[in-house]
Asks: 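Let me give you the structure first, and then I'll get to my questions.
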Amino acid sequence: MLDIKKIRVNPERVLKDLLKKDKDISLKSILNIDAKLKSLTTKLNELQAKQNSKSKEIGKLKSKRDSSDEVFKNLKVLSEKIKELEKEQKKLSFLLKNALLEIPNLPHSSCPKGKNEKDNIVVLEKNKKENYNFTIKDHVEIGKNLDILDFEISAKMSGTGFPLFKGKGALLERALINFMTDYHLNNFGYTEFFTPFLVKPDTALTTGQLPKFSEDMYHIEKDDLYLIPTAEVSLTNIHKDDLFSLSDLPKYYLGYSACFRREAGSYGKDTRGLLRVHQFNKVELVKFVEPKKSYKELDSLVKQATNILDLLDLNYRVVELCSGDLGFAAAKCFDLEVWSPGEEKWLEVSSCSNFEDFQSRRGNIRFKNSDGKIDFVHTLNGSGLATPRIFAALLETHQNNDGSVSIPQCLQSYMGISEIK
RNA sequence: GGAGAGGUGGCUGAGUGGCUGAAAGCGGCACCCUGCUAAGGUGUUAUACUCGUAAGGGUAUCGAGGGUUCGAAUCCCUCUCUCUCCGCCA
């Protein structure tokens, strides 16, 4: 959520930045509501001050048993007027808040300018361009041949987009989760969490999924709960409404979760195999930090996530998102993409973002800085990483002529084998 | 699902109609004292909005919403969350 004061003071500048992200945005109605609310509040406060002082007088008179009916009558009128204005004020604040919740975060000035993913910048590429001296297969075929993936069985019970891992496939999936969790835990000072997968609407509001993107989440109507699309939601909300002291920061949190996404509107896109699924596994990294350190923290977050790809011996690249391709809540974002030899495509496996104070304002997550002043923390998160596309890239990248798949060193101790055949 | 108890400041916890934005303790901050890894003393310390260069002032806020009243943390209603017991399931 943006600071209304920032919008009020310099609407042109805010709008200019917003347009870099969303060209259809307008601040007119917000400014209008804000102006109305402000003048109404001033008026209301004056009346309330009057009411308070008069009521105090009555209190004193009453204690002397010296009440006057006339004073009462006048105050009754005032009291009714105040109630009327209070109702109006509530209405306007509600409108203002709702409008603000729909405004995306401003892109950081360092973001490349651009409209869509074509304008993103590749900042790092590690691609060995290996030469396979045999005809390579894609992960769907490999998975079927090795009997470790079955999309037909899962489709039977849940529909498309719900993968079923079998035998060594299930083992590999579990190994990936454990390896990634342990790696971040042992090397970067994260605290591990295992969070709920179902959350209340307010929780999804903090991180920005609601109110605007309710269509992307699965909703349990009966209990008004949402299935989390990422552990970012639950991890970030651990500190909803909290006030940190400076010594509490930074907080580095990590959590595995199953992630659920309806993928509404993307039917027919990347639907093959594991490329785009409704349920997947992910190890998520979340940081709560002082504002002045957040961009440094973003760099280290990206490095931590890419380390995993190095260890898995995958070809990957790091992409700096342009302003137009940034997500709703992000101020700055780097995507990690692995190369899929089978699809001959880059697959996004991680998104590392700095949300600055966008989420912390929504979730009221604050800290007391060294002057004793209260400010909003900056939140960051990154996938570290999401498994299904990693799974696919692993099968395709490390496939052998005989149809087997070699297991990278880092996973071998988790699986007890060095290849799936 | 049934019964009960409760949601108050960074935390613990008093407070049943006006003198309560809120006792006390803890924690934090400042200063003082004290030579022995530390203790003690004094003061200070909610948040948001708003007016003001500032000092300071005004308003709101005691889970949320509504009601009674000139006036509500305090009374009434609805909702919500937490805890305990019973039942049910694991």
Side-chain angles (χ1 to χ4, degrees), chain A residues 1-9 30-101 194-206 210-211 220-226 234 237-251 288 290 357 360-377:
Chain A
M1 194 162 59
L2 299 185
D3 186 357
I4 181 64
K5 277 187 254 175
K6 195 170 172 178
I7 298 176
R8 193 187 294 151
V9 169
I30 283 188
L31 287 166
N32 188 17
I33 297 168
D34 179 54
K36 271 192 199 156
L37 178 62
K38 212 178 153 185
S39 73
L40 183 133
T41 303
T42 309
K43 199 169 175 189
L44 177 62
N45 286 356
E46 277 168 23
L47 297 186
Q48 283 167 325
K50 196 167 159 190
Q51 185 184 46
N52 285 344
S53 72
K54 293 275 185 195
S55 285
K56 255 176 205 165
E57 276 176 39
I58 289 179
K60 278 174 198 158
L61 289 176
K62 272 240 159 158
S63 64
K64 292 180 205 156
R65 290 231 210 100
D66 191 15
S67 57
S68 143
D69 288 346
E70 206 163 315
V71 181
F72 273 80
K73 256 182 211 162
N74 287 337
L75 274 189
K76 181 75 181 166
V77 174
L78 181 62
S79 158
E80 247 133 52
K81 179 77 185 163
I82 285 174
K83 263 177 202 159
E84 200 180 296
L85 292 185
E86 275 173 344
K87 259 179 201 154
E88 185 67 16
Q89 186 191 41
K90 230 159 228 163
K91 213 160 88 190
L92 286 173
S93 332
F94 180 76
L95 286 175
L96 182 64
K97 171 133 201 225
N98 282 356
L100 278 174
L101 286 172
F194 208 118
T195 70
F197 293 172
L198 285 166
V199 297
K200 296 191 267 189
D202 245 18
T203 309
L205 190 107
T206 300
L210 289 180
I220 316 277
E221 211 167 308
K222 198 166 183 183
D223 300 291
D224 196 17
L225 291 168
Y226 289 87
S234 37
N237 277 280
I238 287 170
H239 288 300
K240 183 166 159 58
D241 293 319
D242 275 357
L243 178 61
F244 292 113
S245 61
L246 202 52
S247 57
D248 295 327
L249 300 175
K251 293 253 185 239
F288 302 84
E290 281 177 73
D357 63 0
S360 58
R361 279 180 185 281
R362 290 171 160 247
N364 194 33
I365 306 171
R366 301 166 301 162
F367 77 108
K368 213 172 242 184
N369 68 24
S370 46
D371 315 325
K373 287 243 168 82
I374 286 172
D375 198 2
F376 292 98
V377 302

Asks: Report which part of the nucleic acid A:Ser79 touches: base, sugar-phosphate, or nothing (heavy-atom distance under 4.0 Å, all strands).
Replies: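 The answer is sugar-phosphate, as A:Ser79 gets under 4.0 Å only of primed atoms, P, OP1 or OP2.
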Asks: Heavy atoms only, 4.0 Å cut-off, all strands: where does A:Lys200 land among base, sugar-phosphate and nothing?
Replies: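 Sugar-phosphate: the residue A:Lys200, judged by heavy atoms under 4.0 Å, touches backbone atoms but no base.
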Asks: Could you write out each protein N or O paired with an N or O of nucleotides 26-32 of chain B at a distance under 3.5 Å?
Replies:
none

Asks: Closer than 4.0 Å, any side-chain N/O of A:Asn45 to the OP1 or OP2 of B:C49?
Replies: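 False: A:Asn45 side-chain N/O out of range (4.0 Å or more) of B:C49 OP1/OP2.
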Asks: Starting from P on B:G71, measure out to CD1 on A:Ile82 and report it in whole angstrom.
Replies: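 Going from A:Ile82 (CD1) to B:G71 (P), I get 8 Å.
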Asks: With a 4.0 Å cut-off on heavy atoms, is A:Ile374 in touch with a base, just the backbone sugar-phosphate, or nothing at all?
Replies: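 Sugar-phosphate only.
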Asks: Ignoring backbone atoms, establish whether A:Lys50 has a side-chain N or O less than 4.0 Å from OP1 or OP2 of B:U59.
Replies: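 No, because none of the side-chain N or O atoms of A:Lys50 sits under 4.0 Å from OP1 or OP2 of B:U59.
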Asks: A:Leu37 has an atom CG; how far is it from atom C1' of B:A48, in whole Å?
Replies: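 Taking CG of A:Leu37 and C1' of B:A48, I get 13 Å after rounding.
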Asks: What distance, rounded to whole Å, do you find between the two C1' atoms, one in B:U61 and one in B:A72?
Replies: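 The same atom, C1', in both gives a distance of 13 Å.
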Asks: P atom, B:G10 versus B:G2: distance in rounded Å?
Replies: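 It works out to 36 Å between them.
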Asks: When you compare B:G15 with B:A73, how far apart are their C1' atoms, in angstrom units rounded to a whole number?
Replies: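 Each nucleotide's C1' atom is 8 Å from the other's.
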Asks: Using the C1' atom in both, what is the distance from B:G9 to B:A48, to the nearest Å?
Replies: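 That atom pair is separated by 14 Å.
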Asks: Once you round it to whole Å, what is the distance between P of B:G10 and CG of A:Asp375?
Replies: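 Nearest whole value for this atom pair: 16 Å.
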Asks: What is the distance from CG of A:Asp223 to P of B:C81, rounded to the nearest Å?
Replies: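 Atom CG in A:Asp223 sits about 10 Å away from atom P in B:C81.
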Asks: Check the distance between B:G9's C1' and A:Leu243's CG and give it to me in whole angstrom.
Replies: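 Those two atoms, CG and C1', are 11 Å apart.
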Asks: Using the C1' atom in both, what is the distance from B:G6 to B:A54, to the nearest Å?
Replies: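 Pairwise C1' distance, B:G6 against B:A54, rounds to 45 Å.
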Asks: Please report, rounded to the nearest Å, how far the P atom of B:U47 is from the CD1 atom of A:Ile365.
Replies: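 Value for this atom pair: 18 Å.
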Asks: Would A:Asn369 and A:Glu290 count as a side-chain contact (heavy atoms from CB on, under 4.5 Å) if you check the C-alpha gap in whole Å, the side-chain angles of each, and the deciding distance to 0.1 Å?
Replies: CA-CA 8 Å; A:Asn369 68 24; A:Glu290 281 177 73; over 6 Å; no
Asks: Contact class for A:Arg8 vs. all strands (heavy atom < 4.0 Å): base, sugar-phosphate, or nothing?
Replies: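 Sugar-phosphate: the residue A:Arg8, judged by heavy atoms under 4.0 Å, touches backbone atoms but no base.
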Asks: Can you check whether A:Ser93 reaches A:Leu37 side chain to side chain, under 4.5 Å on heavy atoms?
Replies: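 Yes, at least one pair of side-chain atoms sits under 4.5 Å.
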Asks: When you measure from the side-chain N and O atoms of A:Lys38 to the phosphate of B:U59, is any distance below 4.0 Å, counting only OP1 and OP2?
Replies: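 A:Lys38 to B:U59 OP1/OP2: no side-chain N or O under 4.0 Å.
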Asks: Considering heavy-atom distances to RNA chain B, does A:Ser55 or A:Gln48 have its closest nucleotide positioned more toward the 5' end?
Replies: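 Final value for this comparison: A:Ser55.
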Asks: Determine the interatomic distance between C1' on B:G66 and the same-named atom on B:C11; round to the nearest Å.
Replies: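 Here B:G66 and B:C11 have their C1' atoms 31 Å from each other.
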Asks: Rounded to whole Å, please give me the gap between NZ in A:Lys97 and C1' in B:A64.
Replies: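 A:Lys97 atom NZ is separated from B:A64 atom C1' by 12 Å.
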Asks: Which listed nucleotide (B:G18, B:A48, B:C49) is nearest to the side chain of A:Arg366?
Replies: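 Closest nucleotide to the A:Arg366 side chain: B:A48.
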Asks: Could you give the distance from CG (A:Asp357) to NZ (A:Lys6), rounded to the nearest 0.5 Å?
Replies: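 Atom-to-atom, A:Asp357:CG and A:Lys6:NZ are 7.0 Å apart.
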Asks: Determine the contact category for A:Gln51: base if any of its heavy atoms lies under 4.0 Å from a base atom, sugar-phosphate if only primed atoms, P, OP1 or OP2 are that close, otherwise nothing.
Replies: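 Answer is sugar-phosphate: A:Gln51 comes under 4.0 Å of backbone atoms only.
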Asks: Applying salt bridge (charged side-chain N to carboxylate O under 4.0 Å, His left out), can you list everything that pairs with A:Glu80, at least two apart in sequence or on another chain?
Replies: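 Salt bridge (charged side-chain N to carboxylate O under 4.0 Å, His left out) list for A:Glu80, sorted by chain: A:Lys76.
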Asks: Between the side chains of A:Asn237 and A:Thr203, is a donor N or O closer than 3.5 angstrom to an acceptor N or O?
Replies: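 Side-chain D/A pair, A:Asn237 to A:Thr203: absent.
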Asks: Have a look at A:Asn52 and say if it touches a base, only the backbone sugar-phosphate, or nothing, with a 4.0 Å heavy-atom cut-off.
Replies: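 Sugar-phosphate only.
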